[in-house]
Amino acid sequence: MVTVRAPATSANLGSGFDVFGAALSRPADVVTVERADRTTIEVTGVGAQYIPEDPDGNTVGAVVEALDAPAHIHIDKGVRPASGLGSSAASAAGAAVALNRLYDRGYSREELVPIAAEGEAVVSGVAHSDNVAPSLLGGFTITTTDGTHSVDARVPLVVCLPDVAVSTRDARRVVPETASMDDLVETVGNAATLAVGMCRSDPTLVGAGMSDPVVTPERARLITGYDAVHDAALAAGATGVTVSGAGPAVVAACREGDRQAIAAAMLDAFADADIDARAYQTRIGRGATVLEE
Ligand SMILES: Nc1ncnc2c1ncn2[C@@H]1O[C@H](COP(=O)(O)OP(=O)(O)OP(=O)(O)O)[C@@H](O)[C@H]1O
Ligand SMILES: N[C@@H](CCO)C(=O)O
(Lines give C-alpha, C1' and ligand atoms only; values in the text may rest on other atoms or scores of the structure.)
(Ligands and ions follow the chains in the order given, each with its own letter.)
Protein backbone atom coordinates (compact mmCIF):
# COMPACT_ATOMS: atom_id res chain seq x y z
CA MET A 1 0.00 0.00 0.00
CA VAL A 2 1.27 3.50 -0.81
CA THR A 3 -0.31 6.80 0.32
CA VAL A 4 0.58 10.13 -1.30
CA ARG A 5 -0.47 13.73 -0.54
CA ALA A 6 -0.72 15.73 -3.77
CA PRO A 7 -1.22 19.51 -3.55
CA ALA A 8 -3.70 21.80 -5.21
CA THR A 9 -2.20 24.06 -7.85
CA SER A 10 -2.88 27.38 -9.52
CA ALA A 11 -2.28 27.31 -13.28
CA ASN A 12 -1.76 30.16 -15.76
CA LEU A 13 -1.10 32.85 -13.10
CA GLY A 14 -2.55 35.28 -15.66
CA SER A 15 0.18 35.81 -18.25
CA GLY A 16 1.29 32.14 -18.53
CA PHE A 17 -1.78 30.49 -20.07
CA ASP A 18 -1.24 26.71 -20.32
CA VAL A 19 2.44 27.23 -19.35
CA PHE A 20 2.81 28.53 -15.75
CA GLY A 21 1.73 26.72 -12.61
CA ALA A 22 2.38 26.82 -8.87
CA ALA A 23 1.95 24.22 -6.14
CA LEU A 24 -0.08 25.46 -3.15
CA SER A 25 0.83 24.49 0.41
CA ARG A 26 -2.91 23.80 0.97
CA PRO A 27 -5.41 22.27 0.18
CA ALA A 28 -4.43 18.76 -1.11
CA ASP A 29 -5.78 15.35 -2.15
CA VAL A 30 -4.61 12.14 -0.43
CA VAL A 31 -4.41 9.10 -2.71
CA THR A 32 -3.92 5.53 -1.43
CA VAL A 33 -3.22 2.61 -3.79
CA GLU A 34 -3.16 -1.16 -3.21
CA ARG A 35 -2.30 -3.81 -5.80
CA ALA A 36 -5.33 -5.49 -7.39
CA ASP A 37 -6.13 -7.56 -10.51
CA ARG A 38 -8.74 -5.05 -11.63
CA THR A 39 -8.87 -1.30 -10.99
CA THR A 40 -11.52 0.04 -8.62
CA ILE A 41 -11.81 3.64 -7.43
CA GLU A 42 -13.40 4.98 -4.25
CA VAL A 43 -13.76 8.74 -3.76
CA THR A 44 -14.45 10.50 -0.45
CA GLY A 45 -14.07 14.09 0.76
CA VAL A 46 -14.95 17.49 -0.74
CA GLY A 47 -17.23 17.22 -3.78
CA ALA A 48 -16.87 13.42 -3.94
CA GLN A 49 -20.47 13.14 -5.13
CA TYR A 50 -19.53 14.92 -8.40
CA ILE A 51 -16.57 12.67 -9.25
CA PRO A 52 -16.97 9.44 -11.26
CA GLU A 53 -15.66 6.25 -9.66
CA ASP A 54 -15.62 4.55 -13.07
CA PRO A 55 -11.93 4.45 -14.17
CA ASP A 56 -12.95 5.65 -17.66
CA GLY A 57 -14.27 8.94 -16.22
CA ASN A 58 -11.74 9.57 -13.45
CA THR A 59 -8.35 11.17 -14.09
CA VAL A 60 -6.58 8.41 -12.16
CA GLY A 61 -7.98 5.79 -14.57
CA ALA A 62 -5.83 7.22 -17.38
CA VAL A 63 -2.77 7.11 -15.11
CA VAL A 64 -3.43 3.44 -14.31
CA GLU A 65 -3.56 2.72 -18.06
CA ALA A 66 -0.39 4.66 -18.83
CA LEU A 67 1.57 2.91 -16.05
CA ASP A 68 -0.11 -0.49 -16.61
CA ALA A 69 -0.66 -0.58 -12.85
CA PRO A 70 -4.08 -1.95 -11.81
CA ALA A 71 -4.99 -1.11 -8.23
CA HIS A 72 -7.68 -0.37 -5.71
CA ILE A 73 -7.45 3.41 -5.41
CA HIS A 74 -8.91 5.54 -2.63
CA ILE A 75 -8.99 9.28 -3.31
CA ASP A 76 -9.68 11.52 -0.31
CA LYS A 77 -10.51 14.86 -1.93
CA GLY A 78 -9.26 18.00 -0.22
CA VAL A 79 -9.39 19.97 -3.49
CA ARG A 80 -12.94 20.68 -4.63
CA PRO A 81 -13.68 19.64 -8.25
CA ALA A 82 -14.29 22.35 -10.89
CA SER A 83 -12.53 24.86 -8.63
CA GLY A 84 -9.65 26.22 -10.68
CA LEU A 85 -7.32 24.71 -8.11
CA GLY A 86 -6.21 21.71 -10.13
CA SER A 87 -8.56 19.25 -8.44
CA SER A 88 -8.52 16.70 -11.25
CA ALA A 89 -4.74 17.13 -11.59
CA ALA A 90 -4.03 16.61 -7.87
CA SER A 91 -5.62 13.15 -7.99
CA ALA A 92 -3.75 12.27 -11.19
CA ALA A 93 -0.42 13.46 -9.80
CA GLY A 94 -0.97 11.62 -6.51
CA ALA A 95 -1.91 8.41 -8.33
CA ALA A 96 1.11 8.72 -10.65
CA VAL A 97 3.55 8.99 -7.73
CA ALA A 98 1.82 6.24 -5.73
CA LEU A 99 1.49 3.72 -8.60
CA ASN A 100 5.06 4.40 -9.76
CA ARG A 101 6.21 3.34 -6.26
CA LEU A 102 3.74 0.47 -5.86
CA TYR A 103 4.83 -1.15 -9.13
CA ASP A 104 8.46 0.02 -8.94
CA ARG A 105 8.26 1.59 -12.41
CA GLY A 106 11.26 3.87 -11.77
CA TYR A 107 10.01 7.01 -13.51
CA SER A 108 11.38 10.37 -12.36
CA ARG A 109 8.95 13.12 -11.30
CA GLU A 110 9.63 14.91 -14.63
CA GLU A 111 8.82 11.72 -16.55
CA LEU A 112 5.55 11.39 -14.63
CA VAL A 113 4.32 14.82 -15.90
CA PRO A 114 3.05 13.64 -19.34
CA ILE A 115 1.69 10.45 -17.74
CA ALA A 116 -0.38 12.36 -15.17
CA ALA A 117 -1.45 14.84 -17.88
CA GLU A 118 -3.28 12.02 -19.69
CA GLY A 119 -5.88 12.34 -16.92
CA GLU A 120 -6.48 16.00 -17.83
CA ALA A 121 -7.42 14.96 -21.38
CA VAL A 122 -10.20 12.81 -19.85
CA VAL A 123 -11.88 15.81 -18.20
CA SER A 124 -11.03 18.85 -20.34
CA GLY A 125 -10.25 17.33 -23.73
CA VAL A 126 -6.65 18.60 -23.64
CA ALA A 127 -3.66 16.93 -21.89
CA HIS A 128 -2.41 20.27 -20.52
CA SER A 129 0.38 19.83 -17.96
CA ASP A 130 0.30 23.15 -16.13
CA ASN A 131 -1.52 21.69 -13.09
CA VAL A 132 0.05 18.22 -12.90
CA ALA A 133 3.61 19.60 -13.22
CA PRO A 134 3.56 21.72 -10.03
CA SER A 135 1.58 19.06 -8.16
CA LEU A 136 4.36 16.57 -8.99
CA LEU A 137 7.42 18.82 -8.77
CA GLY A 138 6.40 21.57 -6.33
CA GLY A 139 7.29 25.27 -6.57
CA PHE A 140 6.65 27.37 -9.68
CA THR A 141 6.71 25.47 -12.96
CA ILE A 142 7.06 26.39 -16.63
CA THR A 143 5.77 23.65 -18.94
CA THR A 144 6.33 23.65 -22.70
CA THR A 145 6.30 20.91 -25.34
CA ASP A 146 10.03 20.45 -24.58
CA GLY A 147 9.44 19.61 -20.90
CA THR A 148 9.12 21.28 -17.50
CA HIS A 149 11.36 23.66 -15.56
CA SER A 150 10.71 24.25 -11.87
CA VAL A 151 11.78 26.98 -9.46
CA ASP A 152 11.64 26.60 -5.69
CA ALA A 153 9.85 29.94 -5.25
CA ARG A 154 8.61 31.16 -1.88
CA VAL A 155 5.70 33.53 -2.41
CA PRO A 156 2.65 34.00 -0.13
CA LEU A 157 -0.74 33.66 -1.84
CA VAL A 158 -4.41 34.01 -1.00
CA VAL A 159 -6.87 31.86 -2.95
CA CYS A 160 -10.57 32.66 -2.70
CA LEU A 161 -12.96 29.95 -3.91
CA PRO A 162 -16.59 30.97 -4.52
CA ASP A 163 -19.34 28.42 -4.00
CA VAL A 164 -20.01 27.99 -7.74
CA ALA A 165 -18.54 25.51 -10.22
CA VAL A 166 -16.83 26.34 -13.53
CA SER A 167 -15.65 23.34 -15.55
CA THR A 168 -12.34 23.63 -17.38
CA ARG A 169 -14.04 22.30 -20.51
CA ASP A 170 -16.53 25.23 -20.47
CA ALA A 171 -13.88 27.82 -19.56
CA ARG A 172 -11.72 26.73 -22.50
CA ARG A 173 -14.57 27.53 -24.88
CA VAL A 174 -14.27 31.28 -24.12
CA VAL A 175 -10.51 31.46 -24.79
CA PRO A 176 -9.97 33.70 -27.86
CA GLU A 177 -8.49 31.94 -30.89
CA THR A 178 -6.25 34.87 -31.82
CA ALA A 179 -4.52 37.79 -30.09
CA SER A 180 -3.27 41.13 -31.41
CA MET A 181 0.43 41.94 -31.63
CA ASP A 182 0.00 44.60 -28.90
CA ASP A 183 -1.52 42.02 -26.57
CA LEU A 184 1.22 39.54 -27.43
CA VAL A 185 3.94 42.07 -26.56
CA GLU A 186 2.22 42.95 -23.28
CA THR A 187 1.79 39.28 -22.37
CA VAL A 188 5.43 38.42 -23.08
CA GLY A 189 6.57 41.33 -20.91
CA ASN A 190 4.27 40.30 -18.05
CA ALA A 191 5.23 36.62 -18.25
CA ALA A 192 8.94 37.46 -18.19
CA THR A 193 8.42 39.78 -15.20
CA LEU A 194 6.54 37.05 -13.33
CA ALA A 195 9.22 34.44 -14.05
CA VAL A 196 11.98 36.74 -12.77
CA GLY A 197 9.84 37.44 -9.70
CA MET A 198 9.52 33.72 -9.00
CA CYS A 199 13.30 33.22 -9.33
CA ARG A 200 13.78 35.99 -6.75
CA SER A 201 10.75 35.07 -4.59
CA ASP A 202 9.70 38.70 -5.04
CA PRO A 203 5.91 39.16 -4.55
CA THR A 204 5.95 42.62 -6.17
CA LEU A 205 7.33 41.33 -9.48
CA VAL A 206 5.15 38.21 -9.35
CA GLY A 207 2.03 40.32 -8.83
CA ALA A 208 2.99 42.80 -11.55
CA GLY A 209 3.48 39.94 -14.01
CA MET A 210 0.04 38.42 -13.38
CA SER A 211 -1.79 40.84 -15.71
CA ASP A 212 -3.10 39.23 -18.86
CA PRO A 213 -5.02 41.12 -21.58
CA VAL A 214 -6.16 38.04 -23.56
CA VAL A 215 -7.62 35.08 -21.61
CA THR A 216 -8.41 36.43 -18.13
CA PRO A 217 -10.89 39.17 -19.20
CA GLU A 218 -13.01 36.55 -21.01
CA ARG A 219 -12.95 34.10 -18.11
CA ALA A 220 -13.59 36.78 -15.49
CA ARG A 221 -17.06 37.22 -17.03
CA LEU A 222 -17.92 33.66 -15.90
CA ILE A 223 -17.25 34.58 -12.24
CA THR A 224 -19.97 36.68 -10.56
CA GLY A 225 -18.35 39.46 -8.52
CA TYR A 226 -14.86 39.02 -10.03
CA ASP A 227 -14.12 42.72 -10.65
CA ALA A 228 -15.08 43.71 -7.10
CA VAL A 229 -13.06 40.83 -5.60
CA HIS A 230 -10.06 41.76 -7.75
CA ASP A 231 -10.20 45.42 -6.69
CA ALA A 232 -10.81 44.58 -3.01
CA ALA A 233 -7.74 42.32 -2.92
CA LEU A 234 -5.53 45.03 -4.46
CA ALA A 235 -6.89 47.63 -2.02
CA ALA A 236 -6.04 45.27 0.89
CA GLY A 237 -2.42 44.99 -0.26
CA ALA A 238 -2.28 42.27 -2.91
CA THR A 239 0.54 42.77 -5.42
CA GLY A 240 -1.44 41.09 -8.23
CA VAL A 241 -4.74 39.26 -8.71
CA THR A 242 -6.02 36.92 -11.42
CA VAL A 243 -8.28 33.96 -12.17
CA SER A 244 -6.79 30.71 -10.83
CA GLY A 245 -6.64 28.07 -13.55
CA ALA A 246 -9.93 27.99 -15.39
CA GLY A 247 -11.70 29.56 -12.37
CA PRO A 248 -13.84 30.20 -10.42
CA ALA A 249 -11.10 30.51 -7.75
CA VAL A 250 -9.30 33.87 -7.68
CA VAL A 251 -5.62 34.00 -6.68
CA ALA A 252 -3.76 36.97 -5.17
CA ALA A 253 0.01 37.29 -4.67
CA CYS A 254 1.08 39.25 -1.62
CA ARG A 255 3.52 39.79 1.20
CA GLU A 256 3.40 37.47 4.21
CA GLY A 257 1.75 39.88 6.68
CA ASP A 258 -1.04 40.93 4.30
CA ARG A 259 -2.69 37.54 3.75
CA GLN A 260 -5.35 37.81 6.46
CA ALA A 261 -6.57 41.27 5.39
CA ILE A 262 -6.64 40.22 1.72
CA ALA A 263 -8.58 37.04 2.49
CA ALA A 264 -11.16 39.03 4.48
CA ALA A 265 -11.51 41.65 1.72
CA MET A 266 -12.03 39.02 -0.98
CA LEU A 267 -14.64 37.15 1.10
CA ASP A 268 -16.50 40.41 1.81
CA ALA A 269 -16.56 41.30 -1.89
CA PHE A 270 -17.99 37.90 -2.84
CA ALA A 271 -20.54 38.21 0.00
CA ASP A 272 -21.61 41.63 -1.37
CA ALA A 273 -22.35 39.83 -4.65
CA ASP A 274 -24.41 37.23 -2.69
CA ILE A 275 -21.83 34.52 -3.29
CA ASP A 276 -20.59 32.28 -0.47
CA ALA A 277 -16.87 31.62 -0.65
CA ARG A 278 -13.95 30.27 1.35
CA ALA A 279 -10.44 31.65 1.43
CA TYR A 280 -7.14 29.78 1.76
CA GLN A 281 -4.18 31.71 3.15
CA THR A 282 -1.56 29.66 1.40
CA ARG A 283 1.85 29.91 -0.30
CA ILE A 284 3.83 28.28 -3.07
CA GLY A 285 4.68 24.90 -1.62
CA ARG A 286 6.18 21.48 -2.21
CA GLY A 287 5.09 18.79 -4.66
CA ALA A 288 3.47 15.42 -3.96
CA THR A 289 4.84 13.69 -0.87
CA VAL A 290 4.73 10.01 0.08
CA LEU A 291 3.00 9.75 3.48
CA GLU A 292 3.12 5.98 3.94
CA GLU A 293 4.33 2.83 2.13
N1 LIG B 1 -10.02 12.51 -9.48
C2 LIG B 1 -10.75 13.56 -9.84
N3 LIG B 1 -10.76 14.67 -9.06
C4 LIG B 1 -11.52 15.74 -9.40
N5 LIG B 1 -12.31 15.80 -10.48
C6 LIG B 1 -12.32 14.72 -11.30
C7 LIG B 1 -11.54 13.56 -11.02
N8 LIG B 1 -11.74 12.68 -12.01
C9 LIG B 1 -12.62 13.23 -12.86
N10 LIG B 1 -12.99 14.47 -12.43
C11 LIG B 1 -13.94 15.37 -13.11
O12 LIG B 1 -13.20 16.50 -13.57
C13 LIG B 1 -13.98 17.68 -13.50
C14 LIG B 1 -13.22 18.71 -12.69
O15 LIG B 1 -12.04 19.02 -13.36
P16 LIG B 1 -11.77 20.49 -13.86
O17 LIG B 1 -10.49 20.46 -14.63
O18 LIG B 1 -13.01 20.99 -14.56
O19 LIG B 1 -11.62 21.26 -12.51
P20 LIG B 1 -10.35 21.57 -11.65
O21 LIG B 1 -9.39 20.45 -11.82
O22 LIG B 1 -10.77 21.90 -10.27
O23 LIG B 1 -9.92 22.95 -12.27
P24 LIG B 1 -8.64 23.58 -12.93
O25 LIG B 1 -8.08 22.50 -13.82
O26 LIG B 1 -9.17 24.76 -13.66
O27 LIG B 1 -7.70 23.99 -11.87
C28 LIG B 1 -15.28 17.29 -12.83
O29 LIG B 1 -16.23 17.11 -13.86
C30 LIG B 1 -14.99 15.95 -12.18
O31 LIG B 1 -16.09 15.09 -12.13
N1 LIG C 1 -4.35 26.02 -18.37
C2 LIG C 1 -5.60 25.40 -18.10
C3 LIG C 1 -5.68 25.11 -16.64
C4 LIG C 1 -7.01 24.61 -16.25
O5 LIG C 1 -6.84 23.83 -15.17
C6 LIG C 1 -6.72 26.34 -18.49
O7 LIG C 1 -6.64 27.52 -18.09
O8 LIG C 1 -7.66 25.94 -19.17
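Just follow the structure's listing: the first ligand is 1, and inside any ligand the first atom is 1.
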Counting heavy atoms not belonging to Arg101, are there more than 12 under 6.0 Å from its CZ?
no
Is_contact(atom 20 (P) of ligand 1), protein non-hydrogen, under 4.0 Å
yes
Which of the listed options, Gly245, Ala92, Gly86, holds the heavy atom that is closest to atom 27 (O) of ligand 1?
Gly86
Do Asp76 and Thr44 meet the criterion of a side-chain donor-acceptor pair at a distance under 3.5 Å?
yes
Is any side-chain heavy atom of Arg283 closer than 4.5 Å to a side-chain heavy atom of Glu256?
yes
Donor-acceptor pair between Asn190 and Ser211 side chains, under 3.5 angstrom
no
For Thr9 and Asn131, which I'm curious about, is there any donor-acceptor pair between the side chains at under 3.5 Å?
yes
Going by the closest heavy atom to atom 22 (O) of ligand 1, which one wins out of Ala89, Gly247, Ser83?
Ser83
Do you reckon Ile51 sits in the same ILVMFWY cluster as Val132, going by side-chain contacts under 4.5 Å, direct or chained?
yes
Among all the protein's non-hydrogen atoms, which is closest to atom 14 (C) of ligand 1, and how far away is it?
Ala82 N, 3.6 Å
Nearest-neighbour protein heavy atom for atom 2 (C) of ligand 2, which is reported as residue plus atom name and distance:
Asp18 OD1, 3.2 Å
So, Glu120 side chain and Ala117 main chain: donor-acceptor pair closer than 3.5 Å or not?
no
Suppose we measure from atom 30 (C) of ligand 1 to each protein heavy atom; which comes out shortest, and what is that distance?
Tyr50 O, 3.9 Å
May I ask you to identify the nearest protein heavy atom to atom 8 (O) of ligand 2, giving residue, atom name and distance to one decimal place in Å?
Arg172 NH1, 2.7 Å
Number the atoms of ligand 2 from 1 as they appear, then name those within less than 4.0 Å of a heavy atom of Thr168, with their elements.
4 (C), 8 (O)
Distance to 0.1 Å, residue and atom name: give those for the protein heavy atom nearest to atom 9 (C) of ligand 1.
Gly57 O, 3.3 Å
Heavy-atom contact under 4.0 Å between Ile51 and ligand 1?
yes
Taking 4.0 angstrom as the limit and counting only heavy atoms of Lys77, give me the atoms of ligand 1 inside it, by number and element.
3 (N), 4 (C)
How many angstroms lie between atom CG of Asp130 and atom OG1 of Thr141, to the nearest 0.5 angstrom?
7.5 Å
Within 4.0 Å of some non-hydrogen atom of Thr59, the atoms of ligand 1 are 1 (N), 2 (C), 7 (C), 8 (N), 9 (C)
Give me the residue, atom name and distance of the protein heavy atom closest to atom 5 (O) of ligand 2.
Asn131 OD1, 2.7 Å
Please say yes or no: joined through hydrophobic side-chain contacts below 4.5 Å, possibly via intermediate residues, are Val159 and Val243 part of one cluster?
no
Can you pull out the closest protein heavy atom to atom 23 (O) of ligand 1? Residue, atom name and distance to 0.1 Å, please.
Gly84 N, 3.3 Å
Does a side chain donor of either Ser25 or Thr282 reach within less than 3.5 Å of an acceptor in the other side chain?
yes
Closest protein heavy atom (residue, atom, distance) for atom 28 (C) of ligand 1
Pro81 CB, 4.5 Å
Indicate, as side chain, backbone, both or neither, the part of Ala246 found under 4.0 angstrom from ligand 1 when only non-hydrogen atoms are considered.
both
Is there a donor-acceptor pair under 3.5 Å between the side chain of Asp163 and the backbone N or O of Ala277?
no
Is there a side-chain contact between Glu118 and Val63 (heavy atoms, below 4.5 Å)?
no
Among all protein non-hydrogen atoms, which one is nearest to atom 15 (O) of ligand 1, and what is the separation to 0.1 Å?
Ser88 OG, 3.5 Å
Give me the residue, atom name and distance of the protein heavy atom closest to atom 17 (O) of ligand 1.
Thr168 OG1, 2.7 Å
Leu85 neighbourhood, listing ligand 1 atoms whose heavy-atom distance to it stays under 4.0 Å
27 (O)
When rounded to the nearest 0.5 Å, the distance separating CZ of Arg173 from CD of Glu218 is 15.5 Å
Atom 12 (O) of ligand 1 sits nearest the protein heavy atom Val123 CG1, 3.0 Å
Does ligand 2 have any atom that is closer than 4.0 Å to a heavy atom of Glu120?
no
